[in-house]
Amino acid sequence: MRIDIMTLFPEMFSGVFCQSIIGRAVGRGLVDIRVHDFREYAHDKHHTVDDYPYGGGAGMVLKPEPLFESVEAVLENVEGQRVGPVNHRIVLLTPQGQPFTQGIARGLSTCDEVVLICGHYEGVDERVRQHLITNEISIGDYVLTGGELPAMVVTDAICRLIPGVLGASEAAADDSFSNGLLQFPQYTRPPMYRGWSVPEVLLSGNHAEIARWRKEESLKRTRERRPELLDKAQPCLDSEAVAGPIS
Ligand code: ADE
């Protein structure tokens with residue numbers, strides 16, 4: 001899979017994708033992450049990427065030409081490297097976008113190519129929204145100074161779902177949200193610390209009992225912290241024939 005990030009601040013990404021699990025995935029060729037400065041596609045000698053809004057008002061708007069032309073250059077490059085059609089998404093990071101979820105990350109992780117556009121200033125020319133991008137994503141109901149941190153968040157969430165990126169010990173299957181619920185409590189050694197003990201069932205070696213305990217704890221935690229998730233998780237819970245009512 002390939003991820004291309006279009007930004008005015010490429011230095012912000014230096015080092016971010018060289019570390020830890022994502023760094024290892026890049027090193028093993030499981031994902032190809034490239035960062036591009038779309039200022040290079042500006043048309044004038046001052047490399048202007050933004051301009052005043054038609055109709056007046058505060059702030060600047062990102063011009064269409066550098067965004068269209070940088071993304072088209074990237075897609076041509078991707079198509080040149082592959083035989084057959086490329087399953088791609090062109091995503092604008094913006095507070096006006098669809099709230100980012102594990103489900104969206106899962107969908108994006110199955111694409112051949114994802115282009116992430118980091119917005120800035122007051123926004124982008126509406127023609128970019130209408131004729132270039134395929135999706136708009138927000139990472140939460142707050143406003144950041146730009147789309148760079150959201151692009152890092154989205155890239156990380158996608159990459160760890162690519163087959164082979166997580167080892168068995170880091171498996172994504174038990175994560176919060178992978179089954180629509182929050183994760184159950186985890187413990188490690190020592191079995192007793194400052195008088196606080198690990199739940200007996202986890203030391204029992206009885207895998208069926210451990211699985212049951214984890215499912216119950218997962219439900220309890222979700223009910224306490226994020227009850228609204230239970231409505232969405234219901235079909236998947238029903239299919240697993242969970243005993244007892246969930247609310
Ligand atoms: N750009 C600024 N704030 C953002 C947010 N919350 N999500 C995505 N992109 C953004």
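In each ligand, atom 1 is the first atom listed, and ligand 1 is the first ligand listed.
When non-hydrogen atoms are compared, ligand 1 lies under 4.0 Å from the backbone of Ile139 as well as from its side chain. Counting heavy atoms closer than 4.0 Å to ligand 1, residue Ser138 contributes atoms from both its backbone and its side chain.
Without hydrogens or angle criteria, Ser109 side chain to Arg106 main chain gives a donor-acceptor distance under 3.5 Å. Side chain of His88 to main chain of Cys111: no donor-acceptor pair is present (N/O by atom type, distance under 3.5 Å, no hydrogens or angles).
The closest non-hydrogen atom to atom 9 (N) of ligand 1, taken over Thr94, Ile117, Val91, Asp141, comes from Thr94. Comparing Leu144, Thr145, Val154 against atom 3 (N) of ligand 1, the shortest heavy-atom distance belongs to Leu144.
Of the N or O atoms in Gly140, one or more lie within a sub-3.5 Å distance of an N or O in ligand 1.
Applying the 6.0 Å contact sphere to CD of Glu126 captures more than 12 heavy atoms from other residues, nucleotides or ligands.
Of all protein heavy atoms, the one lying nearest to atom 6 (N) of ligand 1 is Tyr142 O, 2.8 Å.
The only option from Val31, Asp156, Ile5 that meets the side chain to side chain contact (heavy atoms under 4.5 Å, CB included) definition with Phe17 turns out to be Ile5.
In this structure, Gly119 falls outside the shell of residues with a heavy atom less than 4.0 angstrom from ligand 1.
In this structure, the side-chain hydrogen bond (donor to acceptor under 3.5 Å, both in side chains) partners of Asp44, at least two apart in sequence or on a different chain, are Thr48.
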>> Evaluate Tyr41 against His36 for ring-ring contact (aromatic ring centres under 6.0 Å, His included), listing each step before the verdict.
In response: CA-CA 10 Å; Tyr41 289 81; His36 310 268; 8.2 Å; no
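With ligand atoms numbered from 1 in the order given, ligand 1 contributes 8 (C) to contacts under 4.0 Å with heavy atoms of Ile137. Atoms of ligand 1 found under 4.0 Å from any heavy atom of Gly146, numbered from 1 in the order shown, are 1 (N), 2 (C).
Residue Arg28 holds its CZ atom at 11.0 Å from CD1 of Ile162, rounded to the nearest 0.5 Å.
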